[in-house]
Structures are given as C-alpha cells and as structure tokens.
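Here's the structure we're looking at; comments come further down.
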Amino acid sequence: MQYFNLHTHSFSNQADVVELVNQYPQEFSDSIPYYSIGIHPWFIVEDRIESDLAILESKLSEPGCLALGECGLDKRIEVVFELQQTVFERQLLLAEQYQKPVVIHCVAAFQELITIKKKLKISVPFLIHGFSKNEQIAKELGANGCYISFGKYLLRMPQLESVFKDMPNDRFFLETDTDEQTIQEVYALAAKYKGLTIPQLQELVTINFSTIFGTQFNK
C-alpha cells in the first residue's frame, strides 16, 4: 500500500510514496513524475505574469501535470490583493479549460475564495492545502465543494484533532508541504485521530486520489 502526499516542495523518490510536487513556471523540472504547477501569490511579478501563464498553460496538457497550483489568495502579504485576485482568476479559468484540480494557498481570504469559485462557476475540485483553521471554516469549504489537505499544522496544533476527526473520509488529503517531517509521520497521527490503522487510512486516501485525479498510482 502506498502513501500519497498531496503537496510537497521536494521530490523524495521513495518507493512507497507518490508525491504531487509543487513546481513554479520559472523553476520547472521535467524529472519529477507527478506535479502541480502554478503562480503562487507570494511570487507574482507583474511584468512576468503573461510569460508565467504561458509556461503554465504549456504544462497543463502534459501527463505528469495532475493539478494547477499552488495558487490562491493571501491577505498577509504586500502583493496588492486585487492583483492577486486577477492572477488567481486567470489560473482558475485555465484549470477549468484543461479540467485540472487546483491546489490552493489561502490565508485570511476564504470568503473571497468561495465568492470567486461561484462567480466563475468553477467545476474542477479545489484542494485547500495546509489547513489550520476551525471546524466552521472546514464545513463551509466542504459545503462549497472543496477538499481539505492536512499536514504540518496537524502535527503542531493539537486543536486540529477535532477538526480532522470530523472531516468526511471522502474529503481530505495529507501532505508535508515544506516541512521536514515525513508523510509517514503525518499518516501516523492522522490514523490515530481517525481511529484507523495506517493501511485503512492509506486505502481511504488512495480512493480520494483516484476520485480526484482519475489515476491509479501503481509503480
């Protein structure tokens, strides 16, 4: 049975781990088997937006590109929020065009995220990575068709236990992001919180991956 890592910034090439590795348009490596690619709100450069979008679009039809992202909205950075929204919306339209799920970075902008999803009538799955908020936000995201990925904050914030335990089993993923902890450590705690064995948890996440990405990840 395999481990699935929804979002990581480094490819570990472990035999029993399938990783969706985050890539950026200007730092792309074709040596990574499965990846997402997007313009992160932290790294929006105005005079490079068009070239970044062109690179991004060129990769979306590649077989190894499973998702667009990470991209999204962040109210705690200096990049003008209106510009963030514009770049995010343009990426969402590409995701819809190429029918790719979207790995989303969202900080203090969940209402805006939901509003944009509705406004653009986006049908592809939203995968909210690195979740660290409360049960109310988790339920609102779920009610609006979003999936939630847990990782480093699950390990660091005991208050997330109740949020994770209440997550429907067909709506969550697990990840490491930039954390030094392994995906195996994330799974171990997640299995404990859910009252499952690790193989049972692996089976659940495998089903979720197959549902979203339409791929059986057999090595």
Side-chain angles (χ1 to χ4, degrees), residues 1-23 29-38 40 59-60 62-72 95 98-106 124-132 138 141-142 145-156 160-161 163-219:
M1 189 72 73
Q2 292 173 318
Y3 294 90
F4 292 94
N5 189 343
L6 181 81
H7 180 72
T8 179
H9 289 256
S10 58
F11 178 49
S12 68
N13 199 25
Q14 300 172 72
D16 62 342
V17 180
V18 174
E19 298 166 312
L20 186 59
V21 180
N22 186 83
Q23 298 225 58
S29 169
D30 59 9
S31 66
I32 294 171
Y34 300 119
Y35 61 88
S36 63
I37 185 168
H40 193 294
K59 302 301 179 187
L60 287 175
E62 296 290 327
C65 180
L66 302 188
L68 189 150
E70 65 183 296
C71 60
Y98 287 88
Q99 287 296 290
K100 296 289 185 181
V102 186
V103 178
I104 290 178
H105 168 100
C106 188
V124 295
F126 274 23
L127 310 171
I128 312 296
H129 102 83
F131 192 74
S132 64
L141 290 168
C146 299
Y147 294 76
I148 296 178
S149 183
F150 296 83
K152 62 184 178 183
Y153 297 112
L154 193 67
L155 298 173
R156 298 173 187 174
L160 278 179
E161 177 179 356
V163 178
F164 182 70
K165 284 170 73 172
D166 287 343
M167 279 297 301
N169 286 341
D170 62 350
R171 283 279 161 180
F172 75 84
F173 290 96
L174 299 169
E175 64 173 66
T176 56
D177 195 9
T178 57
D179 209 46
E180 292 183 1
Q181 261 115 2
T182 65
I183 193 65
Q184 290 88 347
E185 290 174 276
V186 178
Y187 267 72
L189 184 61
K192 178 184 174 183
Y193 283 171
K194 281 284 188 180
L196 301 170
T197 65
I198 288 178
Q200 287 172 330
L201 182 62
Q202 287 175 317
E203 184 175 356
L204 283 178
V205 180
T206 296
I207 292 168
N208 293 347
F209 258 80
S210 298
T211 299
I212 295 302
F213 299 108
T215 304
Q216 296 294 329
F217 294 84
N218 295 317
K219 288 190 175 182

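- With values rounded to the nearest 0.5 angstrom, E203 atom CD is found 9.0 Å from T197 atom OG1.
- Across all non-hydrogen atoms, the minimal contact from Q14 to Q184 is OE1-NE2, 3.1 Å.
- I32 CD1 to Q23 CD: the interatomic distance, rounded to the nearest 0.5 Å, is 4.0 Å.
- F4 CZ to L204 CG: the interatomic distance, rounded to the nearest 0.5 Å, is 12.0 Å.
- To the nearest 0.5 angstrom, I128 atom CD1 is 12.0 Å from H7 atom NE2.
- Annotation: side chain of P101 is not in contact with side chain of V124 (no heavy-atom distance under 4.5 Å).
- The local environment of CD in E180 is sparse, with at most 12 non-hydrogen atoms from other residues, nucleotides or ligands closer than 6.0 Å.
- Side-chain contact between K192 and E161 is absent, with no heavy-atom pair separated by less than 4.5 Å.
- When every heavy atom of N5 is checked against every heavy atom of E175, the shortest pair comes out as OD1-CA, 3.1 Å.
- Aromatic ring centres of F172 and F150 lie farther apart than the 6.0 Å criterion allows.
- No hydrogens or angles considered: nothing links the side chains of E19 and T8 as a donor-acceptor pair under 3.5 Å.
- Side chains of Y147 and N208 form no contact here, defined as non-hydrogen atoms less than 4.5 Å apart.
- D170 places none of its side-chain heavy atoms less than 4.5 Å from the side chain of I207.
- Under the side chain to side chain contact (heavy atoms under 4.5 Å, CB included) rule, Y3 has a single partner from V18, T182, I198, V205, which is I198.
- For the pair L20 and L6, the tightest heavy-atom approach, listed with the atom from each and the gap, is CB-O, 3.1 Å.
- Looking only at distances, a side-chain donor or acceptor of K100 sits under 3.5 Å from a matching main-chain atom of C65.
- Looking at heavy atoms from C-beta onward, F131 lies in side-chain contact with L141 at the 4.5 angstrom threshold.
- Few gaps surround OH on Y193; more than 12 heavy atoms of other groups in view lie less than 6.0 Å from it.
- With a 4.5 Å cut-off on side-chain heavy atoms, D179 and V186 do not count as touching.
- Looking at E70 and L127, their side chains never come closer than 4.5 Å, going by heavy atoms from C-beta outward.
- Of the inter-residue distances, the one linking I37 atom CD1 with L66 atom CG reads 12.5 Å to the nearest 0.5 angstrom.
- Aromatic ring orientation, H105 versus H129: tilted (interplanar angle from 30° to 60°).
- Taking each heavy atom of Q181 and T176 in turn, the nearest pair found is O-CG2, 3.5 Å.
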Evaluation steps, side-chain contact (heavy atoms from CB on, under 4.5 Å), between F173 and I212: CA-CA 11 Å; F173 290 96; I212 295 302; 3.7 Å; yes
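- Separation of atoms CD1 (I104) and CD1 (I148) is listed at 11.0 Å; rounding is to 0.5 Å.
- Contact annotation: the side chain of F11 approaches that of P33 to within less than 4.5 Å [non-hydrogen atoms, C-beta and beyond].
- In terms of heavy atoms, T178 sits closest to H9 at CG2-CD2, 3.4 Å.
- What you find for A138 and V163 is that their closest heavy atoms are CB-CG1, 4.0 Å.
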